[in-house]
Number of protein chains: 2
Amino acid sequence: MRITSARVTASEVARKAGVSQAAVSLVLSRNPKARFAEETRARIIQAAAELGYRPNLVARALVNRRSFALGVLVPALGDPVYAAIVSGAKRVASETGYALLLAEATADDHVAQLRALADRQIDGVIIAGVIAASLPAEELAALNVVIINQPSNQFSTLAEDSIRAGATAAEHFLGLGHSRLAFIGPASASHVFRHRERGYAQVVRASGVELRSDYWQRADANVAGGFSAMRTLLALHERPTAVFCANDLSALGAHKACTAAGVQLGHDISLLGCDDIEIGTLVTPELSTIHTPLGELGARAVRDLLSQADIPRVVPAAKTLPVKLVIRGTTGRPAVSPPGA
Amino acid sequence: MRITSARVTASEVARKAGVSQAAVSLVLSRNPKARFAEETRARIIQAAAELGYRPNLVARALVNRRSFALGVLVPALGDPVYAAIVSGAKRVASETGYALLLAEATADDHVAQLRALADRQIDGVIIAGVIAASLPAEELAALNVVIINQPSNQFSTLAEDSIRAGATAAEHFLGLGHSRLAFIGPASASHVFRHRERGYAQVVRASGVELRSDYWQRADANVAGGFSAMRTLLALHERPTAVFCANDLSALGAHKACTAAGVQLGHDISLLGCDDIEIGTLVTPELSTIHTPLGELGARAVRDLLSQADIPRVVPAAKTLPVKLVIRGTTGRPAVSPPGA
DNA sequence: AGCGGCTGCTTATGCGTATTACCTCAGCAC
DNA sequence: GTGCTGAGGTAATACGCATAAGCAGCCGCT
């Protein structure tokens, strides 16, 4: 039975070096308070090396009350957005010797998933995509938490500048001379999506361009949603010339609908996504988009968690990371001058 | 300092219920050997519920010598192929109360990543995409291991039927009437890629169709590789009419090259990928491909690991999962009859 | 009355590590 | 010699849980 391999323990190293287990622990953990003769120190280090001793992190976690592991709670690992966040988090985590424990929360088990992480004594948790408000606050409060892309006055947050993302989209379109601006986005409670929409709407409105309700399409923020929303827009008597989608996935759905309808993207209709996931460069023409710092969000989240672990934060911090316009093939000047011009 | 939250322990439950800590453990773990009066049992359960007791899994892991966690070692979490495997693994793992510990192995730290997992006393590890032969065999041998898509006579393996995948590709092309068959694939040591190629070549050769060396392109199995390889093919005096790519990513690169060159996919040239990642449906026309059971591989890997944990396997098992042709938009009959017809 | 056997619990111990408190011995001052 | 100090270690304990072993009380049987 090979549940956990028989591994060499500190005691065995101690026996081999002719010292006590405590000596092994003290020397190998470079405890500054420990005064050991150079010769003993060397003997212990050599014995450990010869036996291939590696400390049992589970035992260490038990006594330290620190597991050196962080949890990540996301709704879907396969989604490129969360994959990018996880990847960024993993990079920083492994640099610092931290492990990442994954939790994929489905519709109704997000609380259970959080508990599963907490029960493993994680030193902190990163929450992205899962509505933090739907998690029991008192259980979260017992953890170090960083929430990505959601507001919270109780926990630290880290977010893209969603308002600016939407605003940038509108500015791009307006700058190109568009005046028939459409939007495709979910009716969801998601904070990012709402803010991307708001930033977009604000700038459009401020420019004096009309916000037409038939240009404002509600659709799930995925490929299918974007596809059907775009079909609706294409069926309109007077088509929009520029469409901003709440995320790249729906933009790619919209892209597909346009291509299928023979619409020349970047000419007949300008299309802009948001997130800058890699897939956007695979379609033709390549998807213009607003880059959001997904990997960076994951990476910073880990760093924040690690600093929280040392100096617990009284006041939760809220940081916002900038976004950036990435012009590729799907956006350009309108083909025909808008009526008002 | 809030490293790990102050949580209620079994002893506190015991005090509240007026019993010993052992009683709490015995009752709550439904140990069949423990005979307790119904009334005591109820008191313990109620006390636990009132205090919100949840066992510390770290402590449990230490005494059980079983962490109820599995490791996953992959080269890139962002790659849709590995994301799909991880997602499948996660599904089964969380059904059975197991946690998944991620390790993303970069070029030269794969051994360190494996050790980091082992040090956390994982009950098993799934290795995908990382060359298992490059890992220290004696350290692997101390673990329960399932290797995905690589051969091994020392450890259990789980693989798609790569030969069949390639063969299916060739049969599809030949069945459509193609005779100018090309291939794009890496020169890498990867077993899957080599077998997909071999299966393809075997069937082509067996059909009597010539295997032209200028139709056999070496390229990295990613978008950029597929793109440039396809450019080379397109520049040929006599273009191939059907191209099989070693994976979807390179097929998507090839797709892009074709679209850019004005080639009508599915008519002028038939293009076939392999893996069936979701992105393939986003391009126009949608990518025909060979479906490989990525999620299923991850799921089965976890199941195998769990059964290994109970009944250790003397002889490593090797299982192969079937693949399936998925015809979408990029494959069709050749536009012009091949010379020989 | 005495003893076996069952019920219903408790006590003790170990998992592998970190850490505190203590212990021994040498060297030195006096 | 005694006492003090510091160097160089060890012993003991705790972390939170699981589990083997033990033990008290009671019943029934002879």
Quiz item: For B:T9, which contact category applies under a 4.0 Å heavy-atom criterion: base, sugar-phosphate, or nothing?
Solution: sugar-phosphate

Quiz item: What does B:V19 touch in the nucleic acid at a heavy-atom separation under 4.0 angstrom: a base, only the sugar-phosphate, or nothing?
Solution: sugar-phosphate

Quiz prompt | B:D304 side chain to B:S156 side chain, donor-acceptor N/O pair below 3.5 angstrom | solution = no

Exercise. Could you tell me whether the side chain of A:D79 and the main chain of A:V81 form a donor-acceptor pair under 3.5 Å?
Key: yes

Protein-nucleotide distance ([X], atom [atom1]; [N], atom [atom2]), rounded to Å:
X	N	atom1	atom2	result
B:R7	D:dC17	CZ	C1'	13 Å
A:L28	D:dG9	CG	C1'	15 Å
A:E12	C:dG16	CD	P	8 Å
A:F68	C:dA18	CZ	C1'	12 Å
A:L62	C:dC15	CG	C1'	9 Å
B:N56	C:dT17	CG	P	17 Å
A:R30	C:dA18	CZ	P	12 Å
B:I44	C:dG8	CD1	P	13 Å

Practice problem: Between protein and nucleotides 18-23 of chain D, map the contacts as a letter string: B base, S sugar-phosphate only, - none, heavy atoms under 4.0 Å, written 5' to 3'. | Solution: BBS---

Quiz item: For the side chain of B:A59, counting heavy atoms from C-beta on, which of D:dT10, D:dC17, C:dC9 is nearest?
Solution: D:dC17

Quiz item: Minimum heavy-atom separation for B:V192 to B:S162, with atom names?
Solution: CG1-OG, 3.0 Å

Should [X] and [Y] count as an ion pair when the cut-off is N to O under 4.0 Å?
X	Y	value
B:E12	B:K16	no
B:E38	B:R41	yes
A:R54	B:E139	yes

Self-check item: side chain to side chain contact (heavy atoms under 4.5 Å, CB included), paired with A:R60, selected from A:V58, A:L62, A:L57
Solution: A:L57

Self-check item: B:R65 vs C:dG16: side-chain N/O to OP1/OP2 distance below 4.0 Å
Solution: yes

